[in-house]
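The next block holds one structure in the form of structure tokens; read it before the comments.
The chains referred to below are lettered A, B, ... by the order of the sequence lines, with proteins before strands, and numbering in each begins at 1.
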2 protein chains.
Amino acid sequence: MRKTSIKDVAKKADVSIAAVSQILNNKGQRFSDHTIEKVLQARDDLGYVPNSAARNLKGAHNRLIGIIVPSFRMPFFADIIQSMQDNAPTDVNLVFLGSTDDNLQNAIYSLVERGAQALIFGKPIPNRAEVNEFLKKRHIPYLVLDQNADINAQDMVQTNEFTGGSLVASHLLSLGHRKIALILPNKLTDNMRQRRAGFLDTLSTANLSPTTIITATLSKHGGLATVHQLIQSQSTAAFVLNDEMAIGVLRGLAYQNIKVPDDISIVGYDDTDYAEFMIPTLTTVMQPVLDIGKAALNMILRRLDHPNLPFQTAFFDVKLVVRESTGLVK
Amino acid sequence: MRKTSIKDVAKKADVSIAAVSQILNNKGQRFSDHTIEKVLQARDDLGYVPNSAARNLKGAHNRLIGIIVPSFRMPFFADIIQSMQDNAPTDVNLVFLGSTDDNLQNAIYSLVERGAQALIFGKPIPNRAEVNEFLKKRHIPYLVLDQNADINAQDMVQTNEFTGGSLVASHLLSLGHRKIALILPNKLTDNMRQRRAGFLDTLSTANLSPTTIITATLSKHGGLATVHQLIQSQSTAAFVLNDEMAIGVLRGLAYQNIKVPDDISIVGYDDTDYAEFMIPTLTTVMQPVLDIGKAALNMILRRLDHPNLPFQTAFFDVKLVVRESTGLVK
DNA sequence: TTTAAAAATGGAAGCGCTTTCAGTCAATTT
DNA sequence: AAATTGACTGAAAGCGCTTCCATTTTTAAA
């Protein structure tokens, strides 16, 4: 029940092992059509698939990139993953791992062990220094997505979160809103902090600050749970730090028979697939997710080819997408 | 710039390679505390991580399961993936691959090459016979999720799709609906076919058939695009074959100012996260996705341990979840 | 003290593959 | 007839690791 090896193919085709290897890899010496045919035939008959472990043991690795995300279920990351997969050159292998904070170490270890030559972090790294040291020691370059980090320690892909938050504030202000609530997930990542900062900053230029700041878990249910407090605050608008929660808020408000945007305007962030299908459609901030995924992959690939180039940070602009969920204050 | 290998650790700790291997793997012979300490220290100093390729070359593989899904963006599969990841024993590695029909062969090949010892297909296999032969030849067991297949060729995990469709029909009939539309994705998978069959079957017991059958791409946009036709059909209810499309339908109807469920009842299928957050909340059929993912993983693991057991099919029941989007016919 | 048994460790083979190299043999070319 | 070329083989090294077996060292029993 042993897997068929190159030896079996060689025997069956009645040629040398070297011949099989070179013919199947299409490099090395030249062989006659006849021999090539024999080898190919034998391979197919036996259903031979080279063992990549053995192959990688020798020099010519194919590139393996490990990607660590917080969850496969978050639309943002689902998009990132899909876009990376779609854009990966055929000789590049991608391995995705969902990881919580506690098993981040494990995730990294497992990826490195499997031969990942580079890592992409789609989530905050709690003990950054340690991780950095570990990876540096192994000469494994990595890239962080949408997180603050030492600009000189690794490549980064960032979106202009500060601007994003600011755009939201401007938009609401321009609609005449003065009583604006802020709804946050209870665990903020760096990029969310910037989002918040941009928002608050612009609010303050109008001498305003949020009527209330409500926190809840980052989920649709979390958003829904904030509704009671939101209503009590008598705000005329709310900035919900991400679409996922905003969807919950929308739902909760509908349960209370509060009309959006007539009674209150709602703004989300991310412009996930669902935003334009909500009722009302959701005003939100769009990040070019597909481009981000693609850029991250390209940057890390480039890093692999040129380990000594200075670290880069790619910046992506965000865009306010105005839809039905925001309107003039009454 | 070579990665540090076991040899380096051995040299640094001033012990044999064999000792390092056995100590780090905590098996084989016994070693003195002193030696163990030296080795561990050397490993940490060097940041050594064993190369799993080399390791797998020898007997003791850790188990690698390849999982092929159509897309990472579909909530159904995002859930499946997440649940598998969450339930995987630590010595089992999961590799997910998104794959279209054209590159299914590649996906399979790449997974096998990487040493996958079993495969799970979350999508239809176009050329089943060929794939089956290929995998059988390599003694790689596989499992199909929610697809029809020869019950004696591999393990399967199925949900009671026929019942699911039937439940929907009964529900609508019981609400008094007689003019019911059916909205399908234009590419049906086996399970969707069964879903449809159950639905039609139960309709026919009331001597009914759909007022209209509309097809569109499987997406929210696809669903939205069917609205015009749906309205023309003057149906009082519609069964949309999955939530994704149903969300689009809901949206489209709102644009036309058609009230759900007052003017028309809508039923989806899948009970994705979003169903209960729609406005109105969506009546749909729930599949125990998390259980399904878990079951699939367990079955294939069991198969690995017992290659000769007869093939199994796990059946999961579905449940109609009645929400706001369906109501009595006017 | 001798001796046998137990404990600690090193040596080396081998996993499947790629790659190199010297060399064989036949078919061409000069 | 000799030299050249093309097609190929066989052997061997080496990738990093595990594992079996032999050997050395220590400890305890005789």
Side-chain angles (χ1 to χ4, degrees), chain A residues 1-40 42-43 46-62 64 91 109 112-117 138-139, chain B residues 1-40 42-43 46-62 64 91 109 112-117 138-139:
Chain A
M1 201 66 119
R2 226 187 69 271
K3 298 261 150 124
T4 91
S5 80
I6 198 171
K7 220 181 284 183
D8 303 315
V9 179
K11 189 180 296 171
K12 172 131 191 168
D14 193 29
V15 298
S16 71
I17 291 180
V20 174
S21 173
Q22 298 186 72
I23 287 172
L24 292 185
N25 291 307
N26 199 17
K27 63 159 105 166
Q29 305 155 204
R30 296 181 47 202
F31 290 89
S32 69
D33 290 351
H34 175 237
T35 307
I36 292 177
E37 191 45 50
K38 274 195 304 183
V39 170
L40 261 27
R43 174 197 59 184
L46 294 166
Y48 168 71
V49 176
N51 173 331
S52 74
R55 173 179 263 168
N56 284 342
L57 217 39
K58 294 298 284 191
H61 319 267
N62 52 350
L64 212 210
D91 70 320
Y109 196 87
V112 171
E113 195 181 34
R114 237 190 272 173
Q117 277 145 52
R138 298 237 95 208
H139 307 111
Chain B
M1 200 67 118
R2 227 187 68 270
K3 299 263 150 119
T4 93
S5 80
I6 197 171
K7 218 182 285 184
D8 303 316
V9 179
K11 187 180 296 172
K12 172 131 190 168
D14 193 29
V15 298
S16 73
I17 291 179
V20 175
S21 171
Q22 299 188 70
I23 287 171
L24 292 186
N25 291 307
N26 200 17
K27 67 156 100 165
Q29 305 149 205
R30 297 183 46 201
F31 289 88
S32 68
D33 290 351
H34 175 237
T35 307
I36 292 176
E37 192 46 50
K38 275 195 303 182
V39 169
L40 261 27
R43 175 197 58 184
L46 265 32
Y48 167 70
V49 177
N51 173 328
S52 74
R55 172 178 266 168
N56 284 341
L57 215 40
K58 295 297 285 189
H61 318 265
N62 52 351
L64 212 210
D91 70 321
Y109 195 88
V112 170
E113 194 181 35
R114 237 191 272 174
Q117 276 145 53
R138 297 238 94 209
H139 307 113

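The shortest distance between the side-chain N/O atoms of B/S5 and the OP1/OP2 oxygens of D/dG16 is not below 4.0 Å. Of the side-chain N and O atoms in B/R55, none sit less than 4.0 angstrom from OP1 or OP2 of D/dG16. Residue A/N56 places no side-chain N or O under 4.0 Å from the OP1 or OP2 atom of C/dC17. A/K27 has a side-chain polar atom (N or O) that falls below the 4.0 Å cut-off from OP1 or OP2 of C/dT19.
A distance of 11.0 Å separates CD1 in A/I36 from CD in A/Q22, rounded to the nearest 0.5 Å. A distance of 9.0 Å separates OG of B/S52 from CG of A/N56, quoted to the nearest 0.5 Å. In this structure, B/Y48 OH and B/T4 OG1 are separated by 7.0 Å, a value rounded to the nearest 0.5 Å. Here the OG1-CG distance, from A/T35 to A/D14, works out to 10.0 Å after rounding to the nearest 0.5 Å.
Around atom CG of A/D33, no more than 12 heavy atoms belonging to other residues, nucleotides or ligands sit under 6.0 Å away.
Applying the side chain to side chain contact (heavy atoms under 4.5 Å, CB included) criterion to A/I17, with sequence neighbours excluded, gives A/I6, A/K7, A/A10. Under the rule for a side chain to side chain contact (heavy atoms under 4.5 Å, CB included), the partners of B/A13 that lie at least two apart in sequence or sit in another chain are B/V15, B/K38, B/V39, B/A42. In this structure, B/E37 has no salt bridge (Lys or Arg N to Asp or Glu O under 4.0 Å) partners at least two apart in sequence or on a different chain.
One interatomic measurement links the two molecules: CD1 of B/I23 to P of C/dA7, which rounds to 16 Å at whole-angstrom precision. In this structure, A/I6 places its CD1 atom 19 Å from P of C/dG14, rounding to the nearest Å. Between B/L24 atom CG and D/dT19 atom C1' the separation is 15 Å, expressed in whole Å. Rounded to whole angstrom, the span from the CD atom of A/E113 across to the C1' atom of D/dC17 amounts to 12 Å.
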I'd like a list of close polar pairs between nucleotides 4-13 of chain D and the protein, N/O only, cut-off under 3.5 Å.
from: D/dC8; atom 1: OP1; to: A/S32; atom 2: OG; distance (Å): 2.4
from: D/dC8; atom 1: OP1; to: A/T35; atom 2: OG1; distance (Å): 2.0
from: D/dC8; atom 1: OP2; to: A/S32; atom 2: N; distance (Å): 2.0
from: D/dC8; atom 1: OP2; to: A/S32; atom 2: OG; distance (Å): 3.4
from: D/dT9; atom 1: OP1; to: A/S16; atom 2: N; distance (Å): 3.3
from: D/dT9; atom 1: OP2; to: A/S16; atom 2: N; distance (Å): 3.4
from: D/dT9; atom 1: OP2; to: A/S16; atom 2: OG; distance (Å): 3.1

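The shortest side-chain heavy-atom distance between A/R43 and A/L40 falls under the 4.5 Å cut-off.
Remark: the A/R114 side chain and the B/N51 side chain contain no N/O donor-acceptor pair separated by less than 3.5 Å.
The minimum heavy-atom distance linking A/R55 with B/E113 is given by the pair NH1-OE2, 3.0 Å.
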Protein heavy-atom contacts under 4.0 Å, written 5' to 3' over nucleotides 24-29 of chain D as B (base), S (sugar-phosphate only) or - (none), form the string ------
Dot-bracket, 5' to 3', for DNA chain D please: Watson-Crick or G-U pairs under 3.5 Å, [ ] where pairs cross earlier ones, | where the partner sits on another strand, dots elsewhere. ||||||||||||||||||||||||||||||
